[in-house]
There are 2 protein chains.
Amino acid sequence: MQLQQLVYFLAVAETRHFTRAAERVHIAQPSLSQQIKALERELGAELFSRARGNIALTDAGQALLPIAARIIADTETATQEVQELVQLRRGRVRLGATPSLCTGLLPDILRDYHRQYPGIRLIIEEGGSRDLVRELATGSLDLALIVLPLQSHDPALDATPLLHEDLVAVSAAGTPDMPEALRVQDLRDRPLVMFRRGYDLRELTTSACRAAGFEPTFAVEGGEMDAVLGFVGAGLGLAVVPSMVAERRPTLRSTPFAPPGLTRTIALAHRKDAEPPRAARELRRVLLDYVRTHSTT
Amino acid sequence: MQLQQLVYFLAVAETRHFTRAAERVHIAQPSLSQQIKALERELGAELFSRARGNIALTDAGQALLPIAARIIADTETATQEVQELVQLRRGRVRLGATPSLCTGLLPDILRDYHRQYPGIRLIIEEGGSRDLVRELATGSLDLALIVLPLQSHDPALDATPLLHEDLVAVSAAGTPDMPEALRVQDLRDRPLVMFRRGYDLRELTTSACRAAGFEPTFAVEGGEMDAVLGFVGAGLGLAVVPSMVAERRPTLRSTPFAPPGLTRTIALAHRKDAEPPRAARELRRVLLDYVRTHSTT
DNA sequence: GGAGCTGCATAGGTCCAGCCTATGTAAACG
DNA sequence: CGTTTACATAGGCTGGACCTATGCAGCTCC
């Protein structure tokens with residue numbers, strides 16, 4: 001008995017037609033006839049009654065059918081099971097994240113993940129949420145940490161909220177007139193050091209100002225997180241950044257916002273339509289575990 | 001993937017030894033190494049860790065092991081299931097027969113058959129020839145004992161004449177004016193107890209009367225064999241039944257028909273286009289044997 | 001009714017895969 | 001350090017799985 005023969009048998013049983021079954025399994029019809037005949041010879045029983053135009057299973061065929069189907073299904077699960085293991089031994093995960101998360105949250109998590117799966121290459125794409133969402137959609141990312149809510153709400157994305165980040169204002173150590181807590185409208189009189197276009201923090205800050213009734217003024221504009229913090233340290237102005245980032249720069253003064261404060265929600269997103277690769281699912285698990293463990297503390 | 005490869009894999013997994021595994025499956029050791037390697041290549045993962053003298057399953061191998069074992073076990077049950085059908089240890093026969101045969105001929109034959117093949121379920125369908133022929137054609141019966149000639153002659157049926165039944169007239173014990181032998185035209189003056197529509201005996205009797213030039217009159221009409229015989233016993237009239245049936249009711253008076261007599265031919269029919277299942281072929285053989293043996297006596 | 005069509009079976013040829021033997025190689029052991 | 005053990009590799013052989021071409025039975029359609 002051969003697995004191929006069982007596949008052929010199933011094809012004939014389903015199509016009730018030798019010629020069409022042969023097409024389905026991509027062999028010539030005589031080859032299929034031969035193989036079915038060989039199987040019948042080995043089992044010592046006819047499997048089909050070959051009435052013209054009406055191929056039907058004999059009782060022997062009916063007895064074989066469920067077992068053959070299970071065998072073939074098992075071969076597929078077998079390869080799949082092994083594949084999943086293989087994919088965790090070597091492979092890659094392409095993860096997108098906002099710059100602030102790349103420096104804040106990710107290092108610890110990626111260290112854990114890499115310790116568990118040293119064969120998996122980690123490919124990090126740093127960018128704003130909008131870019132990341134687009135790359136998720138095109139399939140050039142497996143997972144992405146993005147900021148909610150999504151501007152371009154894509155129903156094909158599954159986004160799980162992960163954590164709420166407090167935003168704070170950072171300023172140079174000797175900046176005068178800094179209150180204990182800042183209100184958004186206090187930013188009206190203070191020039192800001194603003195990130196380049198595309199940063200989620202830029203969108204968030206400007207829209208918060210507009211909601212408070214004014215257009216923010218920029219002392220400097222453009223640059224990544226590091227540059228912005230550098231400009232702030234040089235006294236060019238204030239910047240609004242996640243508290244997690246501010247904590248890593250003790251030389252800068254960090255001022256919280258007055259209640260209700262300014263927060264943003266980070267979510268973990270992936271395409272809904274395609275199951276992510278095993279390595280990516282595993283990273284997702286590690287991420288969710290990490291956040292659940294550390295948010296309770 | 002090949003079934004052989006899985007067998008080899010299991011052998012190595014169990015013996016933890018390539019050379020001994022090769023002996024067990026009766027191939028040379030290099031062939032086994034090759035096949036295992038081929039399987040590993042196809043799955044994209046090593047299945048064994050080849051430490052000298054200590055062959056062990058990798059995690060991929062462990063994942064494959066139970067599924068491979070199940071697949072191989074399934075192939076064995078598959079052949080076994082079919083074998084059992086072939087060897088008539090298991091299965092069913094669906095046999096159609098006219099009511100008179102069910103009480104007359106069948107019990108003995110079915111007893112013989114069941115003694116020989118106790119694993120075969122016997123499913124008996126009682127009905128008139130016309131119904132039985134239709135069920136043969138649709139495949140809901142394997143074999144049927146029917147009355148010849150067929151009204152709706154179906155060329156797709158193969159009907160082998162089995163035996164000629166003599167028909168006799170049965171009457172209540174005290175019925176007056178009963179001759180030694182009856183002619184069909186004698187029925188003109190005598191009301192009949194008639195079977196329900198669909199009974200072959202009804203068709204046969206009425207058409208015999210019509211052939212003799214008159215329309216029969218019915219004292220009662222409808223009912224199965226038992227009821228008809230009961231009505232006859234109560235003196236409601238005569239009925240025409242197979243002699244075999246009449247013999248089982250010694251309380252009734254049985255009168256033969258004058259030569260050439262009234263007979264009907266019972267035939268064993270099955271579909272011509274599809275070979276009947278093995279169990280049905282065997283029942284056919286038993287039936288023919290029985291009739292041949294007992295008709296000579 | 002025969003010409004064409006459909007659809008499975010058969011015939012004959014090709015080629016690859018699975019098996020073989022012979023040999024290589026690496027570890028273990030006295 | 002030779003010997004043994006045991007798996008891997010090399011290269012040749014053969015059967016079987018596949019192919020194309022053809023046969024043949026039943027059906028349709030003019």
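Bear in mind that the values here come from a model prediction, so they are computed numbers and not experimental data. All chains are named by letter (A, B, ...) in the order of the sequence lines, taking the proteins before the strands, and each is independently numbered beginning at 1. In what follows, every heavy atom counts, from backbone to side chain, and hydrogens, waters and symmetry copies are set aside.
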Reported CG-to-CZ distance for the pair B:Leu268 and B:Arg284, which is rounded to 0.5 angstrom: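 CZ of B:Arg284 is found 5.5 Å from CG of B:Leu268.
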CZ/B:Arg111: more than 12 non-hydrogen atoms of other groups inside 6.0 Å: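 Yes, because the 6.0 Å sphere around CZ of B:Arg111 holds more than 12 heavy atoms from other groups.
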From [atom1] of [X] over to [atom2] of [N], roughly how many Å is that when rounded to an integer?
| X | N | atom1 | atom2 | result |
| --- | --- | --- | --- | --- |
| A:Glu42 | D:dG16 | CD | C1' | 13 Å |
| A:Arg20 | C:dT6 | CZ | P | 12 Å |
| B:Arg41 | D:dA8 | CZ | P | 13 Å |
| A:Met1 | D:dA17 | CE | C1' | 17 Å |
| A:Arg16 | C:dC8 | CZ | C1' | 16 Å |
| A:Gln4 | D:dC19 | CD | P | 11 Å |
| B:Leu32 | C:dC20 | CG | C1' | 14 Å |
| B:Ile55 | D:dC7 | CD1 | C1' | 7 Å |

Earlier contact from the 5' end, DNA chain D, for A:Ile27 and B:Thr19: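 Taking each residue's closest nucleotide, the earlier one in sequence belongs to B:Thr19.
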Closest nucleotide among C:dG7, C:dC19, C:dT21 to the B:Ala28 side chain: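 The listed nucleotide nearest to B:Ala28's side chain is C:dT21.
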Exam field: side chain B:Thr15 to backbone B:Arg20, donor-acceptor pair closer than 3.5 Å: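 Side chain of B:Thr15 to backbone of B:Arg20, a donor-acceptor pair under 3.5 Å: no, none is there.
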Side chain A:Thr77, main chain A:Ala73, donor-acceptor under 3.5 Å: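 The answer is yes, because a donor-acceptor pair under 3.5 Å joins these two groups.
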Phosphate contact (D:dC7 OP1 or OP2) by B:His17 side-chain N/O below 4.0 Å: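 Yes, such a contact exists.
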N-O pairing of B:Arg94 and B:Glu125 below 4.0 Å: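 Salt bridge flag = no for B:Glu125 with B:Arg94.
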N-O pairing of B:Arg285 and B:Glu282 below 4.0 Å: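 A salt bridge links B:Arg285 with B:Glu282.
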B/S/- contact track for nucleotides 9-18 of chain C, protein heavy atom under 4.0 Å: BB-B-----S
Parallel, tilted or perpendicular: rings of A:Phe48 and A:Phe9 (30°, 60°):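 Tilted.
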